[in-house]
Every structure is written in structure tokens, then in C-alpha cells.
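Please read these numbers as outputs of a predicted model, since none were measured by experiment. Lettering follows sequence order; numbering is per chain, from 1.
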Amino acid sequence: PLPWPQSFLLKSLEQVRKIQTRNSELLEQLCATYKLCHPEELVLLGHSLGILQAPLSRCSIQALQPTKCLSQLHSGLFLYQGLLQALAGISPEVAPTLDMLQLDVANFATTIWQQMETLGVAPTVQPTQSTLPTFTSAFQRRAGGVLTVSHLQTFLETAHCALNHLV
Amino acid sequence: ESCGHIRISVPIVRLGDPVTASCIISPNCSKLDQEPQILWRLQDGPEQPGDRQRRLHDGSQESTITLPHVNHTKAFLSCLVPWANSFQVLDQAELQAGYPPASPSNLSCLMYLTTNSLVCQWEPGPETYLPTNFTLKSFRSRADCKYQKDSITDCVPKDRQNTCSIARKHLILYQNMVVWVQAENVLGTSESPKLCLDPMDVVKLEPPVLQVLDMNPELVPRQPGCLWLSWKPWKPGEFIAQECELRYQPQFGGANWTLVSHLPSSEDQFKLCGLHQAPVYTLQIRCIRSPLPGLWSSWSPSLQLRPT
Amino acid sequence: ESCGHIRISVPIVRLGDPVTASCIISPNCSKLDQEPQILWRLQDGPEQPGDRQRRLHDGSQESTITLPHVNHTKAFLSCLVPWANSFQVLDQAELQAGYPPASPSNLSCLMYLTTNSLVCQWEPGPETYLPTNFTLKSFRSRADCKYQKDSITDCVPKDRQNTCSIARKHLILYQNMVVWVQAENVLGTSESPKLCLDPMDVVKLEPPVLQVLDMNPELVPRQPGCLWLSWKPWKPGEFIAQECELRYQPQFGGANWTLVSHLPSSEDQFKLCGLHQAPVYTLQIRCIRSPLPGLWSSWSPSLQLRPT
């Protein structure tokens with residue numbers, strides 16, 4: 001397949017780093033403010049809330065398929081954008097960081113979508129958001145935030161490796 | 001379906017008071033083994049079992065814990081179960097502790113003629129550690145402040161300042177009004193003592209501008225140890241009948257102030273003599289509404305003058 | 001019933017343009033004698049008769065006047081009649097004059113990572129003497145800025161500043177957008193040239209903090225005329241790949257700067273040698289986004305250092 005344009009790869013890598021920085025900031029805030037510092041302690045709750053990890057198998061270095069990786073990247077970002085939106089109202093202390101993170105993820109999704117359009121592999125219709133978790137308590141929303149952001153962090157590490165591999 | 005749910009007797013208590021919480025794990029929480037040991041964690045403290053754990057008639061497990069003295073003003077209490085070689089947090093409740101507000105004290109008000117507003121300030125009293133709202137309340141009254149005529153809209157301070165400004169349109173000048181501060185949080189309410197005042201009796205008056213006159217020696221014979229002064233009242237307060245006071249002392253040496261009282265608020269030519277103790281004297285002037293009641297203005301900026 | 005009424009052709013004209021006004025005095029204006037001579041007064045100028053006064057079919061009197069060149073930016077034109085040995089003003093109209101806005105120029109924008117906003121500024125052009133509204137308009141676009149995708153809400157500057165800040169939520173970073181300024185007053189509208197930019201290409205980058213290292217002579221042999229330096233990128237811009245430039249010169253004597261280019265944006269230990277010309281050197285560092293497009297940061301505050 002055609003190599004991806006350098007500026008797209010460099011911009012994407014910069015966006016990944018921008019989001020990762022914001023992610024760690026948010027995780028630190030959630031830990032400091034709500035003492036929710038171990039995502040692994042929230043796995044059970046994650047299942048019951050339906051907060052799953054977005055697949056990125058086509059971006060793993062061992063089985064890298066650039067075009068399919070792109071669409072997995074976009075679908076994952078689109079899912080996380082929705083999950084972050086569902087967390088709105090989490091708390092005044094955390095809301096500003098969460099708003100910025102959600103905008104950065106949405107903008108990165110636009111960058112990916114535009115590249116898919118340029119390569120002619122973009123589906124004709126923009127994806128629609130699948131059903132998002134509903135949070136019945138402040139705790140669930142905060143725990144959902146920790147889970148979503150830590151999943152997003154793992155997701156971005158894989159994306160970073162793939163993009164770096166293609167630069 | 002969420003597996004665990006915490007219930008707290010009272011989420012906000014007085015600092016040092018006890019609090020009791022219970023965590024119930026529903027039987028249909030698939031991933032958990034049948035009768036998991038329920039644990040508790042306060043903030044990021046160690047995991048500890050509850051005081052009592054029992055099986056409820058519907059098959060769910062309930063653990064109850066009593067924290068004898070809550071000494072965090074804000075803390076998170078988590079309900080967990082062991083999971084692999086770690087834990088799973090099932091629910092988390094926010095605990096807050098603090099004090100009911102003490103009565104606000106030292107309430108005082110000043111009427112500012114430049115902004116046409118009555119500004120009151122107070123001391124909030126000791127920290128309550130809880131969100132506490134202060135409101136400046138007031139109502140119009142007759143001369144003796146006993147009976148409430150009509151109430152004035154509450155004055156809510158801006159971002160936690162202990163001062164509030166009542167706009168001119170809420171004031172009837174030359175009429176008495178009653179003012180007090182109410183403090184309120186989730187543990188209680190308190191009120192400051194009430195003030196009975198007419199805004200015009202608490203005008204923040206500014207001193208006049210003191211000036212020295214350079215008298216023409218041909219017209220006015222030079223007298224040793226004298227100064228010719230003039231002053232005009234502060235413009236915004238010009239309509240207020242005032243009485244003023246002048247004080248002077250040698251510039252150095254820290255001698256006491258000499259006072260000249262009952263002076264008019266406006267003077268074109270005032271001769272001050274007897275200034276023989278030093279080459280340079282420091283002078284200041286201040287005024288007060290008179291004969292109507294009022295507050296002294298601050299002293300004017302000091303003037304260093306060399307008598308003739 | 002009001003006796004007189006002024007009608008003006010155009011109440012707001014270009015400075016220097018003519019304006020025509022007419023004043024009609026109704027017949028049933030009881031207090032006036034039948035056919036009063038109608039007079040005009042511009043601002044507090046002399047009373048002057050109109051160019052023409054005639055009797056209308058309904059019996060009212062009409063005077064018309066043309067001011068050839070309006071040179072007041074704001075003036076009042078009064079219609080009067082003689083009255084006893086003075087005049088009576090019957091009506092008054094407000095006249096304004098100025099210029100249509102010139103095209104705003106020198107539009108430039110910077111993206112601030114600390115406030116997450118795109119701040120644009122421009123030069124408004126010559127004074128128009130009329131209330132003139134400036135609006136920063138923008139729309140999102142594809143790579144080439146030719147086609148408008150979706151427009152962004154207008155950015156209205158605060159109290160007549162020539163700068164406006166577009167909030168993060170209106171921006172799509174890493175996508176091009178078109179920005180321009182529109183100026184509008186009652187006499188006309190104008191637009192600045194359009195800018196096509198990706199906010200991330202105009203980030204306002206701050207320089208790193210340059211530090212000198214105190215190397216342990218046992219570990220690192222002392223070399224004359226050398227300095228050990230370290231720097232870290234500005235925190236909010238850390239995610240941006242950057243390239244930096246160091247410059248140094250003897251503290252005094254005004255020798256030229258020596259430049260060291262293509263340095264990494266983060267350096268734990270950097271040895272700089274060849275500093276033999278003076279006891280103390282002045283050093284500064286700056287960075288730029290690289291290889292992606294960007295703007296140079298300002299130079300860091302200068303550091304006075306004494307080489308080994």
C-alpha cells in the first residue's frame with residue numbers, strides 16, 4: 001500500500017502525545033480527588049457498566065495492516081469520544097480537563113477520518129455512536145472515568161507504536 | 001446491574017462524630033463467589049473488614065461498619081471484595097465533616113457616596129470546613145428599628161468575600177434600616193447581631209485637601225511662626241454640613257499633636273500661629289458630619305510646611 | 001401638539017458631505033404669530049434663516065436648509081422662531097458624520113496552549129468617528145482552505161479591543177480554518193484579507209528553562225572555557241516535537257552572538273566549549289516546532305555564566 005504522507009504521521013504522533021499528556025493529568029486528578037488510583041480494581045464494575053476496550057488488533061506491530069488499522073483507530077477514537085461525553089458532569093474539579101480531552105480525541109478522530117477519505121477507504125456514512133453506559137451514581141461516573149481513560153491510554157500506546165513504525 | 005451499594009447514616013457529620021455505613025452485595029452479582037468477605041477502605045488507608053457481616057433474607061450479603069470519630073473533613077469510603085490477588089471496588093461514598101457556622105461578628109457598614117452603595121463587612125467566625133453561605137439581610141424600618149416595614153433583597157457576597165454591597169436602589173436614605181448577616185451550611189444556621197442604622201449616618205467621608213497660601217507681604221504683614229491655610233470639603237460630600245479638626249506637630253522630635261477643633265468644612269484664609277518650636281511642621285485635617293450624626297473621615301495626607 | 005418638526009435627508013453622512021433638512025411649523029401652533037420666520041442654529045452657532053421658506057397647502061410653514069459640508073462628527077441642528085426678544089427652539093435633530101471603515105489590516109493569530117484559545121489581532125485602520133463594530137469571522141475548511149465546511153460562531157471583541165479569542169470548543173486542531181475580520185458601521189462594511197491556518201501551526205511556544213550544571217570534577221575532568229548546560233521543554237508544549245537554538249556572547253563588549261542550531265528540545269547534559277574571550281558569557285535558548293511547521297518561541301531570559 002502507498003506510504004502515508006509524512007505530515008499526517010507526524011501530526012498524528014503529536015496528537016497521540018497531546019492526548020496521552022492530558023490522560024495522565026486526568027488520571028492523576030481522579031486519583032488525588034477521589035482516591036481511585038487503581039483501574040485494575042474497577043474491572044468488575046467496568047463489566048457491569050459495559051465499558052470495554054476498543055480493539056486495535058490490526059495496529060499491533062506483529063500484524064500491522066495500515067488501512068484496517070486506520071479504521072480501527074477511528075472507530076476506537078469515536079467510541080472513546082462517546083464514553084468521555086457520557087462522563088460529563090463528573091465533577092467541577094475534573095470537568096475542564098475532561099472537556100479538553102474529549103475535544104482532543106474528537107479532533108484526532110477527524111484527522112484519521114480525513115486521511116481515510118484521502119485514501120478512499122472511508123465508509124460513505126460517518127459511524128453512529130453505539131449505546132453508551134448510563135451511570136446511576138457519582139461513584140460509577142468517576143470509576144467509569146478512570147476505566148475509560150486508562151483504556152484510552154493503552155489504546156494510544158498501541159497506536160503510537162504503529163504510527164512510529166510507519167514514519 | 002451493579003454489584004455493591006453503600007448506604008451511609010448521615011453523609012455529612014460534625015467533625016469527631018461517629019458515622020455508620022453498610023454495604024450490600026446483591027446475590028446475582030455473577031462474577032463474585034457466593035459469600036465474599038466485604039472489606040472497607042477509608043481514603044487510601046488499609047482494607048479492613050466491617051464490624052459485622054450477615055446474609056440477608058434475599059441472599060445478599062451486608063457488611064456494617066461504624067467509624068467512631070470522623071476526622072477527615074472530606075474522605076471517600078470504599079466497599080471492596082477480594083479479587084484474584086487484589087480487590088474490586090464495588091461502591092464508594094463521600095463522607096464530609098465540619099462544624100455548623102458560628103455567629104458572624106463585628107458587622108459594620110459604610111455608605112460610599114462615590115459608588116452610592118452601602119458596603120457592610122463582618123468576621124465569618126471559625127472555619128467550618130463545609131460549604132457555608134453568608135447572606136447580608138436587611139429590611140427598612142421606622143425610627144426605632146423595632147418593626148419591619150418591607151424587606152430588602154438579600155445581598156449575596158461575591159466569591160466567598162466577607163463583604164457585600166447593597167445598591168443605591170435598595171436604600172431609602174435618611175430612613176433607618178436593620179442589617180444582619182446570616183451564615184448557613186448543612187449542619188446549621190446562625191445570625192449576627194442586628195444593626196440599626198440610617199445609611200447617611202455612616203457615610204465614608206473623605207478629608208478636605210489642605211493647602212498653604214502664599215500671602216502677599218505688602219497686603220498682609222509677615223508674622224513670625226504663622227501659616228496661612230485654606231481647605232475645601234471633599235466634592236462628593238459637599239452637600240453634607242461638616243465640622244473639621246486640624247492637628248499639627250513639629251516635623252521631628254515626636255512631640256504631641258496640637259489640635260484645633262470646631263473648624264468650618266470650608267475655609268479660604270485661615271491663619272495658624274504659635275509655630276515656634278521647629279522650622280518645619282506637619283499638618284493634617286479631618287472632618288465629621290455635624291451636627292447630624294456621622295463618622296470621622298480619615299486624616300488628610302500630612303503636609304510639611306515652613307512657617308514664616 | 002408640537003409646533004415644529006425637523007426632517008433630515010440622511011442623519012449620518014460622510015464628513016464633508018452636504019445634508020439637507022426641513023422644519024415644518026404646523027398652522028395650529030397657537031402661541032406663534034401666523035407666518036413666523038423660521039431660523040436654524042447648528043450647535044451653538046448663530047441663528048440663520050433657511051435657504052427657502054414657503055407656505056404649504058395645509059397652511060403650515062416649511063423652511064429648508066442645506067449645510068454644504070458637515071464637518072462636525074456630531075452636532076445638533078435646532079429649528080427656532082423669534083420670540084419676544086429671544087427665540088423659541090421648536091425641534092432639534094442630531095447630525096453625525098464620519099467615514100465608512102477601511103479594511104482591517106495585519107491580521108495575525110496565535111494559539112495559546114495555556115488557555116486553549118486562538119487569539120487573533122488586527123489593525124482597525126483610520127478613525128471613522130462613528131460607532132464601528134469589528135467581528136472576527138471564521139469557518140472550518142479542508143486542506144486547501146478553498147471550500148467552507150462549517151462556519152464558526154462570530155467572535156465579538158470585548159469593549160472595542162482589536163483582538164478576539166476563539167475558544168477551544170470552536171476549533172478543530174490539525175485542520176485548516178479560514179479567519180478574517182469584518183468592520184461595519186452605518187456608512188459601510190469592509191473585510192480584511194483572509195488567513196488560512198491550522199491553529200497548531202501558530203502555537204505560541206515558550207522557550208525552555210536553561211540551567212547550568214555543576215559537574216563533579218572527580219567524575220568529569222575540568223576543561224577550561226567550557227560550560228555544562230541542561231534544558232527541558234516548556235511543560236504545556238512538551239507533546240510538540242521541537243528543535244532548539246542556543247546563542248551566546250561575552251557579557252560585555254557587544255561582540256556578536258554565536259549560534260548553535262539544531263539542538264534537541266530536551267537535554268540533560270550539554271557541553272559548550274570555546275568560551276575563552278571573556279570571564280562571563282550571556283546565554284539564551286529558543287525552540288520551534290519541528291519538523292512540523294511552527295513559530296519560533298521568544299529567546300529565554302538571558303543567563304550570565306562563568307565558564308570553567
Original post:
Is it true that atom NZ of A:Lys68 has more than 12 heavy atoms of other residues, nucleotides or ligands lying nearer than 6.0 Å?
Top reply: no

Original post:
About how many Å separate CZ of A:Phe139 and CD of B:Glu94, when rounded to the nearest 0.5 Å?
Top reply: 13.0 Å

Original post:
If you measure from NZ on A:Lys35 to OG on B:Ser78, what distance do you get to the nearest 0.5 Å?
Top reply: 11.0 Å

Original post:
Which bit of A:Thr134 comes within less than 4.5 Å of chain B, counting heavy atoms only: side chain, backbone, both or neither?
Top reply: neither

**OP:** Identify the residues of residues 158-173 of chain B whose heavy atoms come closer than 4.5 Å to a heavy atom of chain A, ordered by number, or report 'none'.
**Re:** none

Throw together a table of side-chain donor-acceptor distances under 3.5 angstrom for residues 14-25 of chain B, partners on residues two or more places apart or in other chains.
unit_1, atom_1, unit_2, atom_2, d
B:Thr20, OG1, B:Thr66, OG1, 3.1

Original post:
Any donor-acceptor pair under 3.5 Å linking the side chain of B:Gln88 with the backbone of A:Val43?
Top reply: yes

Original post:
What closest approach, in Å, do B:Val89 and A:Leu45 show between heavy atoms, and which atom pair accounts for it?
Top reply: O-CB, 4.4 Å

**OP:** Side chain from CB out, backbone as N, CA, C, O: work out which of these in B:Phe87 comes under 4.5 Å of a heavy atom of chain A, or both, or neither.
**Re:** both

**OP:** Verify, without hydrogens or angle tests, whether B:Gln92 (side chain) and A:Arg142 (backbone) share a donor-acceptor contact under 3.5 angstrom.
**Re:** no

